[in-house]
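Inspection log for the structure reproduced underneath, given as structure tokens.
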Amino acid sequence: MNVRLWLSVATIALGGCATLPAPVADTSAPVLVADAGAAAANVAAWPQARSPSAITDPATEAAIGALIARMTLEQKVGQLIQADISAITPADLERYPLGSLLAGGNSGPYGDERGSAADWDRMVREFRAVSARPGADGVSIPLLFGVDAVHGHNNIPGATLFPHNVGLGAARDSDLIRRIGAVTAAEIAGSGIEWTFAPTLAVPQDLRWGRAYEGYSSDPAIVADYSRAMVDGLQGTLVAGQQLANTKVAATAKHFLADGGTEKGQDQGDAQISEAELVRIHAAGYPPAIDAGVLTVMASFSSWNGIKNHGNRTLLTEVLKDRMGFAGLVVGDWNGHGQIAGCSNTDCPQSINAGLDLFMAPDSWKPLYESTLAHARSGAIPMTRVEDAVRRILRVKYKLGLMDGQPNDRGNHAVVGAPEHLAVAREAVAKSLVLLKNAGSVLPIKPGAKVMVTGPGADSMAMQSGGWTVSWQGTDVTREDFPNGQTIWEGLRDAVGEAGGTASLSTDGSITQRPDVAIVVFGETPYAEFQGDVPHLDFTGDGETQIAALKAQGIPVVAVFLSGRPMFVGPELTAADAFVAAWLPGSQGAGVADVLVAGKTGTSPRDFTGALSFAWPAGCEPDAATLFPLGFGGNYAAAPTVPMLTTECALSAAGADGGLALYDRGLEAGIEAIAAGTVFPNLAGRVQNLTVAGFDVAAQEDARRFTWTGPASLALGWTAQPLPATGALELQYQVADAPRAPVTLAAADSNAKGTVDLTASLALAAGKGWRTMQVPLACLTDDSQLDGIALASDSAFVFDMVSMRIVAQANETDCTGPF
Ligand code: BGC
Ligand code: BGC
């Protein structure tokens with residue numbers, strides 16, 4: 001059963017191009033158009049828009065035409081491909097004339113996730129210099145470089161980090177958004193980069209979606225308002241025949257379309273909705289972005305009524321390019337083309353034919369370049385389509401000033417984290433706070449007060465910053481990554497001190513000196529993309545017990561809730577005297593104190609102005625009633641009225657079957673890899689004889705590749721898990737390179753019971769693709785708990801794993817295998 005289930009997943013993700021989609025109308029040329037027409041749309045029902053003529057001025061169009069006429073087919077096809085810096089070197093560009101590069105959330109310059117602005121700048125220049133070298137034909141086309149600067153230039157420690165979009169939505173201030181765009185652009189450009197994959201124009205309708213915090217609001221009107229402001233801020237005003245200022249960058253309206261409208265809020269899922277709803281809700285941000293001149297649009301991983309957007313010609317071409325008049329380039333999302341029926345990561349003419357212009361092919365770029373070249377030669381991708389895509393890409397390059405013989409005059413490193421930028425972020429934090437409760441006017445904190453600050457989020461840069469911070473999921477950041485920031489505790493400490501009071505941080509909630517008031521900062525821990533999808537909205541993290549313990553001692557409590565979305569917090573809201581939704585404020589924690597703490601003479605602090613941009617649920621089920629409506633938010637003049645609260649989350653038993661997941665879809669449940677005494681953060685790293693690296697199977701970086709080049713033992717550890725009486729450790733794995741020496745598996749704790757020899761099983765599995773292995777737990781340990789396993793070999797061997805679980809044992813216990 002498991003095996004079959006697995007295989008079906010693998011087929012979708014890995015299946016080659018064996019099955020081509022249904023033939024299309026034009027039979028004269030073998031053009032593959034994925035899913036065209038299947039989502040019949042009434043294009044006339046969509047809003048109209050138009051990219052400004054400043055993008056398509058006649059002189060530039062003529063220059064582009066002349067250039068295209070001189071380009072070889074290889075150069076044209078190369079323009080359509082974007083690789084990730086983790087999978088390409090500058091030397092590769094001598095042979096493969098790619099048009100673009102990106103740095104994904106886990107990629108940094110020279111393999112360093114914590115590279116400085118100067119490192120980024122140098123790396124981009126190195127790559128660009130190769131691409132800009134004229135070929136034999138004299139054609140030279142510098143590459144276009146993009147990053148995810150989604151809440152400030154979040155890849156660089158020390159850059160200005162803003163609240164994530166959910167918080168900005170609450171600020172209801174489009175002028176602020178424009179200034180945030182300008183600051184973000186200046187810092188991106190300051191590191192030598194000219195393109196950001198932002199803003200996200202999702203209109204999230206189901207808060208279980210782990211990317212809900214990347215959206216400004218569930219209200220299309222707010223998204224539309226901010227969309228124009230953010231594009232203006234990032235790009236500035238476009239002028240015909242002029243390149244963008246060197247403090248400006250290209251923006252990306254993403255993800256087209258209805259990424260926030262999928263069933264159950266599933267990431268990369270299916271929006272099963274009518275066309276009218278698509279237009280009314282999810283399209284709202286695009287026309288203003290296009291009218292403002294947004295230079296790029298990113299296709300969504302998700303589907304509309306079963307059809308992947310990356311292959312939906314109606315949406316990408318007829319709606320976006322024709323009806324909405326978008327003249328810039330459409331970039332794909334991370335191997336998103338590979339999810340189209342009949343495509344793989346390395347072969348997908350359907351997507352270009354549907355209207356994609358630039359494939360995001362992080363690790364798949366080389367074979368994708370070859371296959372795309374072959375399809376362009378055979379006519380499976382018509383030359384008109386190739387040249388239209390090239391033209392759109394070149395338009396963006398011209399506008400960015402890359403083509404004017406002096407590429408990259410960006411790179412003023414000093415602006416990254418500039419004080420005036422940090423001030424904008426601090427203002428944004430203050431404006432994003434939403435007051436939900438203030439019983440007995442416990443807020444603002446009075447001058448001279450003794451304040452205890454506690455809770456897991458009080459002194460945690462990770463919790464206040466969320467995903468897309470330094471790394472993709474944002475889980476591995478430390479205080480040192482934010483030299484220009486303050487934690488919420490640090491901000492409160494300073495403000496309380498300035499007002500003549502005393503503040504103390506109690507990490508465990510214990511009280512040394514009885515405070516006048518306690519501030520408990522708690523909430524969600526960082527996540528991004530599908531790793532943040534949840535089955536229900538019950539907040540289950542730490543917080544409630546601390547609030548209750550303080551209240552039991554008669555201490556007034558202010559709850560500050562950090563989260564990427566409204567959640568069911570009935571018990572916490574009931575117990576605390578005041579409750580502030582602070583979202584994911586980013587690096588300027590002092591913005592919280594600006595609103596919470598009164599000045600020395602009792603002067604009121606800045607008042608709350610934030611208003612919910614999503615409704616707050618009264619229960620934890622998706623259909624829960626609303627507790628606080630969208631638009632709700634109290635202030636000091638008008639204390640909010642809290643409706644009757646439910647403290648119980650009545651979850652209908654959902655029940656996970658399939659055993660206990662230790663590792664699944666990249667979700668690590670606290671799992672750690674250790675070899676030669678070195679811990680591999682995010683299960684990636686290298687020590688002598690062993691490399692651990694992520695790669696894509698059914699989702700981004702859901703699998704891990706363990707490569708032995710000599711003797712090494714790899715321990716995979718997790719927090720101890722109770723074992724079922726008869727259970728087995730189940731691995732979904734493949735052997736990419738057969739072992740040359742015995743491979744053993746053992747429990748990695750003190751109760752290890754001998755080792756299991758996997759050599760025969762792995763030899764059998766070598767080269768046969770994905771398989772399931774079950775090793776009875778009784779072969780590994782006598783204990784009732786297991787907190788790790790060790791996999792060892794003395795010689796070369798490549799083992800890939802996509803999931804590891806503890807399941808009910810299917811067969812009799814046999815410790816000799818094969819497994
Ligand atoms: C995300 C995009 C992002 C891209 C590049 C994808 O997984 O969905 O939002 O821009 O990766 O990092
Ligand atoms: C993210 C990238 C990230 C990758 C995994 C993608 O979905 O968008 O930025 O680096 O997955 O590493």
Side-chain angles (χ1 to χ4, degrees), residues 13 81-88 100-108 113 120 144-156 164-165 184 188 193 195-202 204 209-216 230 234 249-260 262 265-269 285 294-303 308-310 329-339 345 356 358-365 466-474 527-533 564 665-666 682 694-703:
I81 311 242
Q82 180 186 60
D84 185 271
I85 52 164
S86 61
I88 193 165
S100 179
L101 292 183
L102 89 150
N106 281 336
S107 307
E113 224 162 53
W120 282 93
L144 176 62
F145 195 98
V147 288
D148 291 285
V150 300
H151 63 135
H153 196 6
N154 44 60
N155 283 296
I156 299 189
H164 272 293
N165 289 349
T184 305
I188 300 168
I193 298 171
W195 183 19
T196 176
F197 305 129
T200 296
L201 301 180
W209 187 34
R211 303 191 78 165
Y213 70 82
E214 295 186 53
Y216 296 117
M230 186 51 94
L234 288 165
V249 301
T252 306
K254 76 182 188 184
H255 309 83
F256 193 81
L257 187 67
D259 47 349
T262 61
Q266 200 202 334
D267 194 43
Q268 307 188 9
V294 73
L295 290 168
T296 82
V297 171
M298 188 183 290
S300 177
F301 273 126
S302 57
S303 310
K308 283 282 170 189
N309 288 355
H310 278 244
L329 72 85
V330 179
V331 62
D333 203 343
W334 193 274
N335 278 330
H337 55 271
Q339 298 188 15
N345 291 353
L356 195 88
L358 178 59
F359 281 119
M360 187 183 287
D363 52 351
S364 48
W365 59 269
W468 297 107
T469 302
V470 180
S471 64
W472 179 38
Q473 297 286 328
Y527 53 78
E529 300 198 48
F530 45 83
Q531 301 203 10
D533 288 2
R665 285 193 88 197
N682 296 327
F695 69 102
D696 298 6
V697 176
Q700 309 95 294
E701 299 217 348
D702 52 345

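As the structure lists them, so they are numbered: ligands from 1, and atoms in each ligand from 1.
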Under 4.0 angstrom from ligand 1, any heavy atom of Phe301?
yes

Under 4.0 Å to a heavy atom of His255 - the qualifying atoms of ligand 1, by number
2 (C), 8 (O), 9 (O)

Is the distance between the ring centroids of Phe301 and Phe530 less than 6.0 Å?
no

Phe197: numbered ligand 1 atoms lying under 4.0 Å from its heavy atoms
10 (O)

Which ligand 1 atoms, with their elements, are less than 4.0 angstrom from a heavy-atom of Lys254?
2 (C), 3 (C), 9 (O), 10 (O)

Where Phe197 and Thr252 come nearest, the two heavy atoms and their spacing
CA-OG1, 3.5 Å

Going by distance alone, is a donor N or O of one side chain under 3.5 Å from an acceptor N or O of the other, for Ser86 and Asn106?
no

Any non-hydrogen side-chain atom of Gln339 less than 4.5 Å from a side-chain atom of His310?
no

Do Gln268 and Gln700 have side-chain N/O donor and acceptor atoms under 3.5 Å apart?
yes

Per-atom contacts, ligand 1 versus Arg211 - under 4.0 Å to a heavy atom
1 (C), 2 (C), 8 (O), 9 (O)

Worked check of side-chain contact (heavy atoms from CB on, under 4.5 Å) between Ser100 and Trp195:
CA-CA 11 Å; Ser100 179; Trp195 183 19; 3.7 Å; yes

Do any N/O atoms on Trp334 end up under 3.5 angstrom from N/O atoms on ligand 1?
no

Which option wins on minimum heavy-atom distance to atom 7 (O) of ligand 1: Glu214, Gln268, Glu701, Gln700?
Gln700

Examine the side chains of Asp533 and Trp209 and answer whether a donor and an acceptor come within less than 3.5 Å of each other.
no

Could you tell me whether Gln82 approaches ligand 1 through its side chain, its backbone, both or neither, with non-hydrogen atoms closer than 4.0 Å?
neither

Taking heavy atoms and a distance under 4.0 Å, where does Leu102 meet ligand 1: side chain, backbone, both or neither?
side chain

Can you find an N or O of Trp468 that's nearer than 3.5 Å to an N or O of ligand 1?
no

Judged by heavy atoms only, the candidate from Asp84, Asp148, Asn335 nearest atom 10 (O) of ligand 1 is Asp148

Which of these passes side-chain hydrogen bond (donor to acceptor under 3.5 Å, both in side chains) with Trp334: Asp363, Asp696, Asp84?
Asp696

Near Asp333 (heavy-atom distance under 4.0 Å), the atoms of ligand 1 are 1 (C), 2 (C), 3 (C), 4 (C), 6 (C), 7 (O), 8 (O), 11 (O)

